[in-house]
Amino acid sequence: MRVLIAGGGIGGLTAALALLKHGIDVDVYEQAAELKEVGAGVQLAANGTRVLYALGIGEELKALSCEAQGKEIRHWQTGETWKLFDLGPLSIERYGAPYFTVYRPDLLEVLARALRRAKPDALHLGAKVRGLAQDGDSVALQLENGTTVRGDALLGADGVHSRIRQALYGTDRAEFTGVVAWRGIVPVARLPAHMARMVGSNWVGPGGHVVHYPLRAGRLMNFVGALERADWRVESWSARGTQQELAADFRGWHADIQAFIGAIDTPYKWALMVRPPLERWSAGRVTLLGDAAHSMLPFLAQGAVMAIEDGYVLARCLAAYPVEAALQRYETARRERTRRTLEGSAANLHRFHNRSLADPEEGRRFIDREWASQRIAERYEWLFRYDATTVEI
Ligand SMILES: Cc1cc2nc3c(=O)[nH]c(=O)nc-3n(C[C@H](O)[C@H](O)[C@H](O)COP(=O)(O)OP(=O)(O)OC[C@H]3O[C@@H](n4cnc5c(N)ncnc54)[C@H](O)[C@@H]3O)c2cc1C
């Protein structure tokens with residue numbers, strides 16, 4: 001069996017590795033001429049790293065990652081701190097896998113290297129996908145350069161603006177959330193010494209929140225600042241803003257946030273969009289994976305992890321059932337979990353940006369209640385415990 005994959009991002013490359021591991025041939029078609037993500041971090045919870053370990057790249061990734069010791073909630077103005085959860089050894093003890101924070105280009109590099117080891121010519125760069133055609137026996141993937149390739153199944157792992165999704169289900173109805181996500185990376189050496197800690201911090205405030213965590217064995221620190229504002233609607237990893245604009249958005253926030261912003265030379269901004277969940281992901285020999293199937297707000301830090309889980313479950317299904325039945329099994333196995341994650345991410349928007357946070361006293365009561373240990377467990381345990389390598393398919 002040969003599977004064609006449109007898109008060589010985190011989801012497409014993980015799926016390719018998982019398929020090869022299950023004895024299924026793959027070819028990946030990626031539009032970029034070279035594999036490089038814009039500099040940004042990604043958090044990989046135990047439910048994601050468990051899959052990467054099963055694919056044999058856990059230790060390679062570990063060498064480039066950070067194992068944050070914990071995550072904390074902080075008040076946007078006073079800097080008061082609450083524990084969200086312990087990570088480090090506790091993640092391994094409790095969930096059997098670590099929690100990594102990783103520089104995206106490092107993750108892609110590890111995935112691509114492993115793919116080339118498994119099949120040297122599997123990755124086709126500079127190969128932009130245009131459309132598809134299928135019949136009962138095979139599927140044809142059409143590239144922008146006029147080439148057509150054939151396979152037994154096609155996987156659309158081509159992200160939020162997926163061509164494959166459009167070919168199957170038409171233009172989507174993306175809606176702007178009214179929230180802009182700012183991103184930046186700085187060398188830790190440029191931050192005040194007390195900020196160089198191996199923890200992930202989530203500063204919550206009225207109408208905005210800031211997340212920062214260390215990368216690359218603690219040498220870099222990643223910044224994501226989400227703010228409610230209606231005047232920016234471009235959903236892109238590469239759109240730049242200015243430090244002045246970013247500073248104006250977070251005026252009045254704690255001195256640590258001001259110091260962080262002052263250290264970011266080039267901030268990027270991304271308009272956060274939501275798409276209604278698709279009724280179906282699969283049609284005949286074609287299916288979708290990752291953001292192409294179920295893009296979500298980044299407020300549970302699980303979008304990439306869902307793409308990683310998808311890839312492994314899909315490979316198991318294709319190894320066990322005939323193509324069309326396998327794609328249906330995959331979709332059934334993944335639909336409820338990804339829908340619940342998508343809804344949990346959206347619910348965090350109101351939690352992280354709650355208006356009661358404006359007042360320190362009221363904000364303290366709100367945080368005490370919303371981040372009480374029982375409520376944290378309800379929101380995260382089911383996410384971290386899932387095992388894509390054994391879940392029923
Ligand atoms: C600010 C922010 C922070 C986030 N933080 C986290 C986090 O901490 N943890 C987490 O798990 N998730 C996080 N996410 C979500 C995560 O980034 C996405 O869910 C993840 O990148 C999805 O992976 P993917 O492979 O499905 O899509 P993508 O990463 O978008 O990859 C798609 C690939 O397809 C290629 N492609 C597109 N069109 C074509 C075409 N026509 N032909 C060929 N190739 C094509 C693209 O070039 C790209 O390489 C965050 C998102 C944002 C915006």
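None of these values were measured; they are calculated from a predicted model. Read the numbers this way: they start at 1 and go in the same order the structure lists the ligands and their atoms.
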Do the ring planes of F366 and W371 sit parallel (below 30°), tilted (30 to 60°) or perpendicular (above 60°)?
perpendicular

Is ligand 1 less than 4.0 angstrom away from at least one heavy atom of H161?
no

Heavy-atom contacts with P298 under 4.0 Å: which atoms of ligand 1 show up? List them by number with element.
2 (C), 3 (C), 4 (C), 50 (C), 51 (C), 52 (C)

What atoms of ligand 1 come within less than 4.0 Å of a heavy atom belonging to R183?
1 (C)

Run the numbers on D172 and R275 for salt bridge (charged side-chain N to carboxylate O under 4.0 Å, His left out), then give the verdict.
CA-CA 7 Å; D172 68 5; R275 295 173 171 75; 2.4 Å; yes

Which is closest to atom 43 (C) of ligand 1 in terms of heavy atoms, Q31, R130, Q166?
Q31

So the atoms of ligand 1 within less than 4.0 Å of a heavy atom of G290 turn out to be 26 (O)

Is the ring pair F85/Y380 parallel, tilted or perpendicular, if the boundaries are 30 and 60 degrees?
perpendicular

To atom 10 (C) of ligand 1, the nearest of G159, A45, A293, A304 on a heavy-atom basis is A304

Taking the six-membered ring of W270 as reference, does the NZ or CZ atom of R183 fall below 6.0 Å from its centre and within a 45° cone about the axis?
no

Determine the interplanar angle of the H22 and Y312 rings, folded into 0 to 90°, and report it as parallel if under 30°, tilted if 30 to 60°, perpendicular if over 60°.
perpendicular

Is there a heavy atom of A157 sitting under 4.0 angstrom from any atom of ligand 1?
yes

Those atoms of ligand 1 less than 4.0 Å from some heavy atom in R163
41 (N)

If we number the atoms of ligand 1 from 1 as shown, the ones under 4.0 Å from a heavy atom of W270 are 53 (C)

Write down the atom of D137, the atom of D135, and the distance for their closest heavy-atom approach.
N-OD1, 2.8 Å

